[in-house]
Amino acid sequence: MASLNDRLRSIVQGTRPSAVPVVSPDAAIGHHAAFSHQPSAFSPFGPDRILAAAETLGGTVIERPNGVVIIVDREYRADDVHGRQRIGDLIETIRDGQDAMQTMARAWPSAKGMGGVGTGGSKDPPLLFLDLETTGLFGGAGTQAFVVGCAAIDGESIRVRQFLLPGFEHERAVLAEVAAWAGAHGALVTYNGRTFDVPLIETRYLFHRVPCPLDGVPHLDLLHAARRLWRGRPTAAGPDPDESSCSLSVLEKHLAGLHRVGDVPGFEIPSRYFQFVRDGDARPLEAVLEHNRLDLISLAAVMARAITLIAEGPRVTTNPHECFGLARLYERSGAIENAEASLLRSIDLAQRIGAEPEVHADALRRLAWVRRRTGRPHEAAEAWRALAALPRCPAGFRRDAMEALAIFHEHRSRDLGTARSLVLDVLKDGPLGRRRDAAEHRLRRLERKIAVREQGGLVAALDASLEVSN
DNA sequence: CTTACTGACTCCGGACAGGC
DNA sequence: GCCTGTCCGGAGTCAGTAAG
């Protein structure tokens, strides 16, 4: 610490810096210690507090013409674990995940340009996992990011670099450092970043009239794939909305088995930073930085699980719910064969477990839709029949099945009697509004057709008997 | 608490097919 | 050729939900 103070004094006195580096060398980006800034840049509290804060947080300080940045670097090595996940396994899965990422990109085209972007393989620029800690949730020009957390795969490790804003007046310097780092990376991966992180950081660059380094960078927001795969999943404790949500903190427990100890609740994060800005004591921020690092690694863990499911297919899950979500994801991406295989497995799993009438019914209904849409009405009818016959089938699903079967029998198999009795069953259910109107309309039409057919039969019989008598 | 994005749902119009 | 019904995509609406 004495050396830091020496260095600090030299800055305050406007002399050249001593030989002690205040930033870790980073050849890829080309940082060099150049601590010659005028002391006025360190308001509201002095440079000693910034250096002390960096030391408290295990970081380093770099100075730029427009301000000062605290940088905290951490490395997660292959043998480290995140919950029950080995970091090395996450890295390997993500590295090999190119095809699965493209599937996600096709499913959510707003993940602009993910196709063709590497996943951190030897020739690709590494993915940039991004997570901000901000002064609030409210967005707009008043909310600032005080930690820009970035993670990237580097060899056999995940490297996390956190850019901490030492005071509001240093924002331009932080943004410039982030831009330099982001420029060395490829596609962006976030959690709810499309709504939160990216618009917020774009606003900050816009505010300072500086080009945003994320403009035009391919972006995969994992929230949407996560919702597709895991939303509304039942939990061991029953239907608990808190435990079946798709927040990152809930998913990391579910997917990676990570249980955080002493984690900072999100709502507390802004106030810890305001406290730091007031008194310069960085200790409350240690937990905030740790929270941010865990979020970044969890983001990678969620991504790895999604990649495994998409790449390996439905055989790697024994959960009918997850399997159904996988089918929906494939369907969105246009991989209809994979979608159908996943639906069949979901149905099979639900049948074996026997405890999931909703997911079972949902999968059968989806299977029927997929088959009808791909021009296989007879196979679709099989699925509708299985759905209508499902024990404990939710009423709405059964009604859909009977309507679809009535259409099938009227127009495809030409079994008007079966169609009519199905419509009568639908009407017994007491549908309301347009559904009732449609069913009554169908019934009248079927009865007309049946009468015509019977008349035709009578005429034919009469003709035949006349022919015999002649 | 705010914001904006998504998905589910409904409605509407056009394309198409089949029956008469 | 007309009528009826289905299918499909696009537009509009609304509720739910992540982020600190």
Side-chain angles (χ1 to χ4, degrees), chain A residues 107-112 130-149 165 190-203 219 221-232 241-242 244-252 263-274 285 287-289 291-292 295-296 298-299 302 325 328-329 331-332 362 365-366 368-377 380 396 400 403-404 406-414 416 419 423 433-435 437-439 441-442 444-446 448-449 452-453 455-456:
Chain A
W108 287 275
S110 58
K112 45 188 172 187
L130 177 79
D131 182 46
L132 306 180
E133 306 304 326
T134 73
T135 57
L137 268 184
F138 311 135
T143 305
Q144 278 177 268
F146 67 87
V147 175
V148 180
L165 184 69
T190 64
Y191 204 78
N192 198 28
R194 187 153 293 282
T195 304
F196 185 73
D197 304 71
V198 170
L200 193 142
I201 204 159
E202 276 175 344
T203 302
H219 177 192
D221 183 346
L222 280 180
L223 169 66
H224 310 296
R227 279 189 176 153
R228 182 80 292 154
L229 289 169
W230 301 297
R231 182 168 51 187
D242 287 338
S244 62
S245 95
C246 271
S247 70
L248 187 58
S249 59
V250 169
L251 273 191
E252 71 185 8
D263 188 42
V264 196
F267 66 85
E268 211 181 293
I269 288 171
S271 59
R272 286 190 181 223
Y273 183 67
F274 293 135
L285 293 183
V288 174
L289 291 182
H291 171 94
N292 180 255
D295 276 357
L296 285 165
S298 287
L299 185 57
V302 168
R328 300 277 284 118
L329 193 152
E331 201 187 325
R332 265 192 80 108
D362 232 347
R365 181 167 66 172
R366 208 82 214 167
W369 281 343
V370 165
R371 286 172 166 179
R372 188 173 65 184
R373 208 177 340 133
T374 48
R376 293 172 293 156
D400 285 351
E403 276 176 11
I407 290 167
F408 171 77
H409 284 300
E410 180 182 352
H411 298 286
R412 304 283 173 171
S413 76
R414 314 254 184 258
L416 301 181
V423 176
R434 295 172 57 95
R435 276 181 176 276
D437 295 346
H441 183 65
R442 189 181 306 283
R444 283 194 296 273
R445 188 177 63 240
L446 279 165
R448 245 185 355 253
K449 283 186 181 180
V452 167
R453 187 179 276 186
Q455 243 174 13

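Please read all numbers here as calculations on a predicted model, not as lab measurements. By convention in this document, chain letters (A, B, ...) are assigned in the order of the sequence lines, proteins followed by strands, and residues within each chain are numbered from 1.
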Which atom of [X] lies closest to which atom of [Y], heavy atoms considered:
| X | Y | answer |
| --- | --- | --- |
| A:Val264 | A:Val288 | CG2-N, 3.9 Å |
| A:Cys246 | A:Ala226 | SG-O, 3.7 Å |
| A:Gln144 | A:Leu165 | NE2-CD2, 4.0 Å |

From [X] [atom1] over to [Y] [atom2], what is the distance, rounded to the nearest 0.5 angstrom?
| X | Y | atom1 | atom2 | result |
| --- | --- | --- | --- | --- |
| A:Thr190 | A:Ile201 | OG1 | CD1 | 11.5 Å |
| A:Leu200 | A:Thr195 | CG | OG1 | 12.0 Å |
| A:Glu133 | A:His291 | CD | NE2 | 4.5 Å |

Item checked: Partners meeting side chain to side chain contact (heavy atoms under 4.5 Å, CB included) with A:Leu248 (sequence neighbours left out) -> A:Tyr191, A:Asp295, A:Ser298, A:Val302

Check: Which part of the nucleic acid, if any, lies within reach of A:Arg228 when heavy atoms closer than 4.0 Å are counted: base, sugar-phosphate only, or nothing?
Finding: sugar-phosphate

Check: Among all residues two or more places apart in sequence or in another chain, which pass the ring-ring contact (aromatic ring centres under 6.0 Å, His included) test with A:Phe146?
Finding: A:Tyr273

Next item on the list: Encode nucleotides 14-20 of chain B as B, S and - characters from 5' to 3', where the letter depends on protein heavy atoms closer than 4.0 Å: B to the base, S only to sugar-phosphate, - to neither.
Entry: ----SS-

Check: How does protein contact run along nucleotides 15-20 of chain C, one letter per nucleotide 5' to 3', with B for base contact, S for sugar-phosphate only, - for none, heavy atoms under 4.0 Å?
Finding: --SBBB

Within the side chain of [X], is there an N or O that forms a donor-acceptor pair under 3.5 Å with the backbone of [Y]?
| X | Y | answer |
| --- | --- | --- |
| A:Arg371 | A:Ala380 | no |
| A:Asn292 | A:Asp131 | yes |
| A:Asp221 | A:Gly193 | yes |

Detail all sub-3.5 Å separations between protein N/O atoms and N/O atoms belonging to nucleotides 5-12 of chain C.
from: C:dG5; atom 1: OP1; to: A:His441; atom 2: NE2; distance (Å): 2.9
from: C:dG5; atom 1: OP1; to: A:Arg445; atom 2: NE; distance (Å): 3.3
from: C:dG5; atom 1: OP1; to: A:Arg445; atom 2: NH1; distance (Å): 2.1
from: C:dG5; atom 1: OP2; to: A:His441; atom 2: NE2; distance (Å): 3.0
from: C:dG5; atom 1: O5'; to: A:Arg445; atom 2: NH1; distance (Å): 3.2
from: C:dG5; atom 1: O3'; to: A:His411; atom 2: NE2; distance (Å): 3.1
from: C:dT6; atom 1: OP1; to: A:His411; atom 2: NE2; distance (Å): 3.4
from: C:dT6; atom 1: OP1; to: A:Arg442; atom 2: NH1; distance (Å): 2.7
from: C:dT6; atom 1: OP1; to: A:Arg442; atom 2: NH2; distance (Å): 3.3

Check: Once you build an axis from the first five pairs and another from the last five of the helix from B:dC1-C:dG20 to B:dC20-C:dG1, how far apart in angle are they, to 10 degrees?
Finding: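 Between the first-five-pair axis and the last-five-pair axis there is 30°.
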
Separation of [N] [atom2] from [X] [atom1] (nearest whole Å):
| X | N | atom1 | atom2 | answer |
| --- | --- | --- | --- | --- |
| A:Trp230 | B:dG7 | CH2 | P | 15 Å |
| A:Asp221 | B:dG7 | CG | C1' | 15 Å |
| A:Arg328 | B:dT6 | CZ | P | 15 Å |

Notebook entry, point to check: Given A:Leu137 and A:Phe267, is the side chain to side chain contact (heavy atoms under 4.5 Å, CB included) satisfied, shown in steps?
Noted result: CA-CA 9 Å; A:Leu137 268 184; A:Phe267 66 85; over 6 Å; no

Check: Hey, mind stepping through A:Arg442 and A:Ile407 against side chain to side chain contact (heavy atoms under 4.5 Å, CB included) and telling me if it holds?
Finding: CA-CA 9 Å; A:Arg442 189 181 306 283; A:Ile407 290 167; 3.4 Å; yes

